[in-house]
Novice: 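Handing you this structure, nothing more for now.
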Amino acid sequence: MIGNPIISVKDLSKKFGDLEVLKSVSLSVRKGDVIAVIGPSGCGKSTFLRCLNLLETPTAGEILFEDKYVFKNESVYLKERLTVLKKELKAAKKGNDENEISLAQANYDEVKTQYAALAGEEKEIKKQLQKSLNLHRQKIGMVFQQFNLFPHLTVLQNITLAPVKLKKMSEEEATAKAIELLKKIGLEDKANAYPSTLSGGQKQRIAIVRALAMNPDVMLFDEPTSALDPEMVGEVLKVMTELAKEGMTMIVVTHEMGFAKEVANRVIFMSDGVIKEENEPEEFFSNPKDERLKEFLSKVLS
Amino acid sequence: MKFFTDLWANFYKCFLQYDMWKMYLQGLRNTVIIAVGACLFGLIIGIIVTCIRVAPKNNIIMKFLDGVCKVYVTVIRGTPVVLQLFICYFVLLTGIRNVNFFGIKDTAGILVAIVTFGINSGAYMTEILRGGINAVDAGQMEAGRSLGLSWISTFLRIVLPQALKSAIPTMFNEFITLVKETSVAGYVGIVDLTKIQSYVTVQTMELFMPLLIIAAIYLILVLGLQQIQKRIERRLTRGDR
């Protein structure tokens with residue numbers, strides 16, 4: 001069931017000003033993987049997820065999606081190194097030592113050519129992405145904590161808007177598909193209702209359907225049950241579990257340890273912007289190795 | 001009792017006698033033309049400028065346009081409308097003095113008024129719309145973008161409809177202000193509703209009654225606008241229950 005890598009993330013970093021939210025995160029997601037990402041609040045889980053469909057632009061690192069670069073920025077490091085070397089060169093020139101000057105110059109020139117080559121390549125990737133960014137996002141469905149349904153549109157319009165507007169389907173096809181998906185989650189009678197008349201659980205299930213209507217290759221869930229009343233968590237998790245069984249590739253940021261244990265095939269623990277531990281669920285929960293994870297699990301499982 | 005008969009006699013003299021009401025009607029027509037024209041012109045300017053202000057500024061052209069728009073809003077909001085009218089009158093009118101559309105007397109003056117009040121209202125409209133857009137949850141834009149919709153489609157299909165809805169009361173506030181603001185058009189010799197007072201006074205030697213009549217007409221106009229606002233609001237609240 002598990003296939004080839006679909007997303008490869010390497011050394012991904014994200015800074016908000018001086019605050020480093022993600023520090024060199026690497027992860028390979030294979031087709032059919034259901035990955036649960038857990039960790040304390042503010043550890044960068046959501047930011048990581050949002051970087052994958054480029055709702056946030058990472059500061060450095062690379063993201064490969066279906067063997068194509070969607071983001072690459074390694075040159076920032078070379079640029080930093082370049083400024084250091086430039087300072088050294090200046091200092092050497094003050095010293096009048098011929099050897100030192102030529103050595104510093106050679107160092108500087110070498111890094112400079114490397115930087116120029118890399119920056120050129122990255123610029124090309126960036127240019128490509130500008131054209132294909134929306135296409136990239138069409139292949140990645142996202143479900144938000146706050147549902148973010150469009151309140152001025154009916155449930156049906158919410159679901160069909162994107163596929164029709166982006167010419168993936170005709171109006172009739174999209175409607176048929178939407179009804180089919182709504183039937184699956186038992187909400188076909190709500191097709192013409194406005195989101196404000198629905199419960200939180202219903203809203204979130206429809207948000208999932210809205211993302212599915214685009215036929216995505218990967219689904220990202222950003223704490224999908226955190227804003228729900230406890231009694232509604234189950235119905236949303238059920239939909240997600242079914243989706244996982246159908247073989248959808250999913251990355252789920254969650255606080256639902258039950259879901260992580262039962263449904264996911266890999267569990268990741270993030271803390272302070274790094275992946276501290278990654279394992280199969282069984283091993284992950286019964287035999288955690290990282291100290292921080294042990295502490296975290298003892299708190300959430302007790 | 002005498003008070004009322006006097007009042008009626010006065011009203012008759014200032015409104016009905018010698019078809020005096022036709023003069024009010026002419027003034028009203030000009031006021032309505034100016035107000036409607038300026039409203040539409042202002043709304044168009046407002047929407048365009050707002051789009052530029054809230055669009056992502058990822059290249060130099062957008063940054064430049066944004067700067068221009070900022071200056072526009074600051075200057076227009078920072079100077080009195082009467083002054084703007086004078087300036088426009090002297091700058092624009094020299095070019096179009098002899099234009100005469102649809103056989104309306106002082107077309108040129110009316111055009112100048114529409115342009116001036118439109119430009120003025122556009123600045124306020126920009127800030128109103130921008131406020132409405134900022135009030136829309138950022139998650140709406142993110143949801144649209146995450147589905148693969150472009151910024152502009154998400155903006156037009158998802159953000160703007162919600163922004164307009166929440167901005168409707170303030171927008172109508174601006175329309176109402178605009179209708180009454182057109183009364184300064186008389187300063188540059190445009191015969192609008194307020195200006196009619198002087199004509200009536202000259203003919204009847206009455207000062208107070210024409211003022212009252214004109215005030216009543218403005219009030220009726222504004223009441224009409226309020227009704228339109230109510231209708232639109234009722235229509236837009238479909239999704240809110």
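In what follows, every heavy atom counts, from backbone to side chain, and hydrogens, waters and symmetry copies are set aside.
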Novice: Do you know the tightest heavy-atom contact between G148(B) and Q138(A)?
Specialist: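 Looks like CA-CG, 3.8 Å.
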
Novice: Out of curiosity, N134(A) CG to S153(B) OG, how far, rounded to the nearest 0.5 Å?
Specialist: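 It comes to 8.0 Å.
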
Novice: Looking at V143(A), L149(A), L54(A), which makes the most heavy-atom pairs under 4.5 Å with chain B?
Specialist: L149(A)

Novice: State, to 0.1 Å, how close L149(B) and A162(A) come at their nearest heavy-atom pair, and which atoms those are.
Specialist: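 It is CD2-CA, 4.2 Å.
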
Novice: Should the heavy atoms of other residues, nucleotides or ligands under 6.0 Å from CG of L83(B) be counted, would the total exceed 12?
Specialist: yes

Novice: Identify which part of R210(A) has an atom lying under 4.5 Å from any heavy atom of chain B, answering side chain, backbone, both or neither.
Specialist: both

Novice: Based on non-hydrogen pairs under 4.5 Å, which of L161(A), I140(A), L135(A), N53(A) is most in contact with chain B?
Specialist: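 Looking at each option in turn, the highest pair count goes to L161(A).
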
Novice: Heavy-atom cut-off 4.5 Å, strictly under: side chain, backbone, both or neither for F150(A) against chain B?
Specialist: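 Looking at F150(A), backbone and side chain both touch chain B.
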
Novice: Evaluate whether atom CG of D67(A) has more than 12 neighbouring non-hydrogen atoms of other residues, nucleotides or ligands under 6.0 angstrom away.
Specialist: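 At most 12 heavy atoms, drawn from other residues, nucleotides or ligands, come within 6.0 Å of this atom.
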
Novice: Any chance NZ of K139(A) has more than 12 other-residue heavy atoms, nucleotides or ligands included, within less than 6.0 Å?
Specialist: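 Atom NZ in K139(A) is crowded, with more than 12 foreign heavy atoms closer than 6.0 Å.
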
Novice: For I61(B), does the CD1 atom have more than 12 heavy-atom neighbours from other residues, nucleotides or ligands under 6.0 Å away?
Specialist: no

Novice: At what distance, to the nearest 0.5 angstrom, does CD of Q157(A) lie from CZ of R157(B)?
Specialist: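 Those atoms lie 8.5 Å apart.
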
Novice: Any chance CZ of F16(A) has more than 12 other-residue heavy atoms, nucleotides or ligands included, within less than 6.0 Å?
Specialist: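 Correct, the count exceeds 12.
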
Novice: Taking distance alone, no hydrogens or angles, what donor-acceptor pairs closer than 3.5 Å link side-chain atoms of residues 163-178 of chain A to residues at least two apart or in another chain?
Specialist:
residue: K168(A); atom: NZ; partner: M214(A); partner atom: O; Å: 2.9
residue: S170(A); atom: OG; partner: E173(A); partner atom: N; Å: 3.3
residue: E173(A); atom: OE1; partner: S170(A); partner atom: N; Å: 2.9
residue: T175(A); atom: OG1; partner: E171(A); partner atom: O; Å: 2.7
residue: K177(A); atom: NZ; partner: N215(A); partner atom: OD1; Å: 2.6

